[in-house]
Each structure stands twice: as C-alpha cells, then as structure tokens.
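Working notes, structure below.
Quantities reported herein were computed from a predicted structural model and do not represent experimental measurements. First listed ligand is number 1; within each ligand, the first listed atom is number 1.
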Amino acid sequence: MAVIGWIGLGNMGGSMSANLAKAGHDVRGFDLNPGALAAAETGGVKPAGSIAEVVAGADAVFTMLPKGEHAKAVYLGGDGVLAHADTRTLLIDSSTIDIAAAKELHDAAAAAGFRFVDAPVSGGMSGAKAGTLTFMVGGEPGAVADASRFIEPMAANVIPTGGPTTGQAAKICNNLMLLINLASTAEGAVLADRLGLDKKVFWDIASVSSGDSWALRTWYPVPGVVPTAASNNDFAPTFTAELANKDIGLAISAAEDTGTPLEIGRHVQQLYQRLIDAGESGKDCSMIIKLADGSLDAAK
Ligand code: NAD
C-alpha cells in the first residue's frame, strides 16, 4: 500500500481521499479549512498541519483545489509542494484549472525534476462518494500510467488524453456541455410544470427520451425527484455556482484562444453570472432553475 498526500479536502477531495484510505492506502490530508480537515479525518485521512508535512515520504500527492490560482500557490509557493516534496513523489492535480496554469505547473514540476500529470474528474460529489469518477489524465505516458494505478479506487473510468494539459482541455469542453445541459434541463422542468405535468412523470419520460443528460439524471433542479440533487437540500452546494461560472469562463477563454464563437456557452455564462450577482455564488449551480422560473429576478 502507498503513502499518499492529499491537499484540498472540500466537496470532492473529502470523499475522494476517503476512498483511497478505504482501499488501504496511508493517506495524509491538508486543507486551510479546519472543518474540511476534521471531516476528512472521519473518512480515515490523517490530518497534517502543513504542505511540508503532507508531502513528506509520499509516493503520490493529489491536489483538489478550486482554481488555477490556488493550484499555483500550493505547488509553486515558498511553502509549497515543489519546495518540500521529494522528486520521486508523483504529482497529480485533479482540480479543474485553466490550460495556461496547468502548463505552468507541468513546466515548473519538470524543471524541478518531478513527474506531474493533470487529472481532472467528472462525476460530481455523488461520483466522488461512490468511487465512480471519470478521470482524464494528461502528461508523459509513463507518469500517466503510474498515476492511473493510484487513481483506480476513486474511478469508474481512467482515460489518458495525451500530453501535458490535455486532461484540462477535455474537462473544460465536458463542463461547457454539462452547464449548458443543466440550464436547458432547468428550462424544460419549469415549462413542464407550467403545462401541468407531474414532476416525476416528466422526469421519467425525459430520462428515457432525447432530453436525457447527466445533469437531468444526477442534478435535477426540482426537489423530490433525484436523490443526489442539491434541489432536495435547498441548493446546499455540491458544485457551487462560483465554480460553475469559473468552468464556463475557462471554456470562453479557450474559445477566444481558438477563434471559436461559443454563442450558447457565452449566453449560459451570463446566467451563472446573474446567480453570482444575486449573492448566490456559494449555492449549488443547479439553482439556475431560479432564473428559469423567474423567482430569483422576482425576489430582487
Ligand atoms: P471546494 O471548494 O468544496 O473544495 C476545495 C478545497 O480546497 C476547500 O476545502 C478549500 O479550503 C481548499 N483549499 C483552497 N486553497 C487551499 C490551499 N492553498 N491549501 C489547502 N487547501 C486549500 O471545491 P470542490 O467542489 O471540491 O472542487 C474542487 C475542484 O474540483 C474544482 O476545481 C472544481 O471545479 C472541480 N470539480 C468539482 C466537482 C463538483 O461537483 N463539486 C466535480 C468535478 C470537478
């Protein structure tokens, strides 16, 4: 069994690291938030007080942080991973971050003698808990193969994507589609209700029809239909509106870099921005249904 360091024990990292501990690995965790650290401890992760402590003697270090700026601080900072880890430690960043930041991390890690992969995930908090995430892994083939062995207890699918940063490229495109699907699911759900359809009857139809999507099956924004949906818990976050807006923003900047119009993505980004402007950045992104039914605008 391996020694694994884990940095970032939030909605995703908490459950993912617990699955590594459950698989028998010796997992040490670090998070700036003491509540996240305490919750991870109940999942079998040993709390560490610093990055230096969490990377000491680790065979692999995973990071699961909100944005590129956090990942850069954790890897490149004076008290960070590159400063304290041994170069035999394999570095695996599972955060969803911009391609430029991922490239910076790959380059800095290589210059310091480390092997590093970008390995973002799809599957949400429910997939993190169940150990059924999809990992998309970019980097040098030997490092990708070695990372896949550590990833296995957390994943239903581990898919090599190619060279450095290609995992992030796949993730950004996937989440563009997810967040558009979620917005369209919210609109369909509201209109179905207003046309007098029972919420469960409509969901039963759409989930076996051409309106189906992962968002519909996992995050249905109407309460009392899908057990994994944040709508059942007053939109307590499984994936915050702020992180959703970050991801669709990553797609927009990638589109600008590649001369891609992204008309639908740009429109949907404005919807997530409106949630944030209304003070709901910390709520679940499926709260976008409050724009589809007009209740957020009416509450102003
Ligand atoms: P989160 O905000 O719940 O967790 C992030 C954790 O990182 C927090 O506990 C925070 O305290 C910690 N952190 C931030 N800066 C730190 C630092 N410098 N040192 C140590 N800890 C630090 O976010 P999440 O929902 O778990 O998402 C994490 C990443 O995974 C994001 O990039 C997100 O886009 C991606 N993601 C999320 C989901 C989802 O459904 N929630 C699904 C797939 C991918």
Side-chain angles (χ1 to χ4, degrees), residues 5-19 28-41 43 45 47-55 61-81 83-84 92-99 101-102 105 118-130 132-136 154-157 167-168 170-179 182 214-215 218-219 228-230 235-251 272 281-286:
W6 194 288
I7 303 169
L9 298 159
N11 285 330
M12 295 296 287
S15 300
M16 293 163 75
S17 56
N19 279 331
R28 295 100 190 252
F30 175 67
D31 196 294
L32 295 177
N33 175 356
L37 207 53
E41 195 174 2
V45 173
S50 66
I51 292 177
E53 203 181 309
V54 93
V55 302
V61 167
F62 281 87
T63 43
M64 194 52 170
L65 298 157
K67 298 181 182 176
E69 69 210 51
H70 306 101
K72 285 203 283 186
V74 161
Y75 279 99
L76 310 179
D79 285 329
V81 174
H84 288 288
I92 304 168
D93 181 34
S94 285
S95 329
T96 304
I97 65 173
D98 54 291
I99 291 171
L105 296 182
D118 51 300
V121 306
S122 176
M125 221 170 124
S126 51
K129 277 196 184 127
T132 57
L133 294 169
T134 292
F135 280 71
M136 32 214 117
M154 303 180 280
N157 301 290
Q168 294 298 349
K171 173 65 181 169
I172 288 169
C173 300
N174 179 80
N175 273 28
L176 169 70
M177 293 159 67
L178 161 71
L179 294 165
L182 178 61
W214 185 94
T218 318
W219 284 354
T228 47
F235 300 99
T238 71
F239 184 48
T240 61
E242 183 178 1
L243 289 180
N245 196 44
K246 175 232 358 172
D247 282 2
I248 206 155
L250 296 179
Y272 291 104
S281 61
K283 286 281 196 161
D284 195 77
C285 59
S286 58

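The minimum heavy-atom distance between Phe235 and Lys283, with the atom names listed, is O-CD, 3.4 Å. Counting all heavy atoms, side chain and backbone alike, Leu133 lies closest to Gly123 at CD2-CA, 3.7 Å. Shown here for Lys246 and Thr96, the closest heavy-atom pair between the two residues is NZ-O, 2.8 Å. Residue Met12 comes nearest to Ala128 through the heavy atom pair CE-CB, 3.9 Å, listed as atom of the first residue, atom of the second, then distance.
Less than 4.0 angstrom separates some heavy atom of Gly8 from each of these atoms of ligand 1: 7 (O). Annotation for ligand 1: atoms under 4.0 Å from non-hydrogen atoms of Ile7 are 20 (C). Of all the atoms in ligand 1, the ones that sit under 4.0 Å from a non-hydrogen atom of Val74 are 17 (C), 18 (N), 19 (N). The Lys171 neighbourhood of ligand 1 comprises atoms 43 (C), 44 (C), with distances under 4.0 Å to a heavy atom of that residue.
Counting heavy atoms from C-beta on, the side chains of Phe239 and Asn175 come closer than 4.5 Å. The shortest side-chain heavy-atom distance between Asp98 and Gln168 does not fall under the 4.5 Å cut-off. With a 4.5 Å cut-off on side-chain heavy atoms, Ile248 and Leu176 count as touching. Counting only heavy atoms from C-beta outward, the side chains of Ser281 and Thr240 never approach each other to under 4.5 Å.
The side chain to side chain contact (heavy atoms under 4.5 Å, CB included) test applied to Ala83 returns no partner, not counting sequence neighbours.
The protein heavy atom nearest to atom 2 (O) of ligand 1 is Pro66 CG, 4.3 Å. Scanning all protein heavy atoms for the shortest distance to atom 35 (C) of ligand 1 gives Thr96 OG1, 3.6 Å. For atom 43 (C) of ligand 1, the closest non-hydrogen atom on the protein side is Val121 O, 3.4 Å. Looking at atom 4 (O) of ligand 1, its nearest protein heavy atom turns out to be Gly10 CA, 3.3 Å. The closest protein non-hydrogen atom to atom 28 (C) of ligand 1 is Leu65 O, 3.8 Å. Of all protein heavy atoms, the one lying nearest to atom 34 (O) of ligand 1 is Lys246 NZ, 2.8 Å.
Around atom 8 (C) of ligand 1, the closest heavy atom drawn from Asn33, Asn11, Asp31 belongs to Asp31. Considering only non-hydrogen atoms, atom 42 (C) of ligand 1 lies nearest to Met12 out of Met64, Glu242, Met12. Nearest to atom 16 (C) of ligand 1 by heavy-atom distance, out of Leu32, Leu243, Leu9, is Leu32.
Neither the backbone nor the side chain of Lys67 comes within contact range of ligand 1; no heavy atom lies under 4.0 Å. Proximity of Thr238 to ligand 1, defined as any heavy-atom pair under 4.0 Å, is confined to the backbone N, CA, C and O atoms.
The aromatic rings of Trp219 and Trp214 sit perpendicular, their planes meeting at an angle over 60°, well past the 30° parallel limit.
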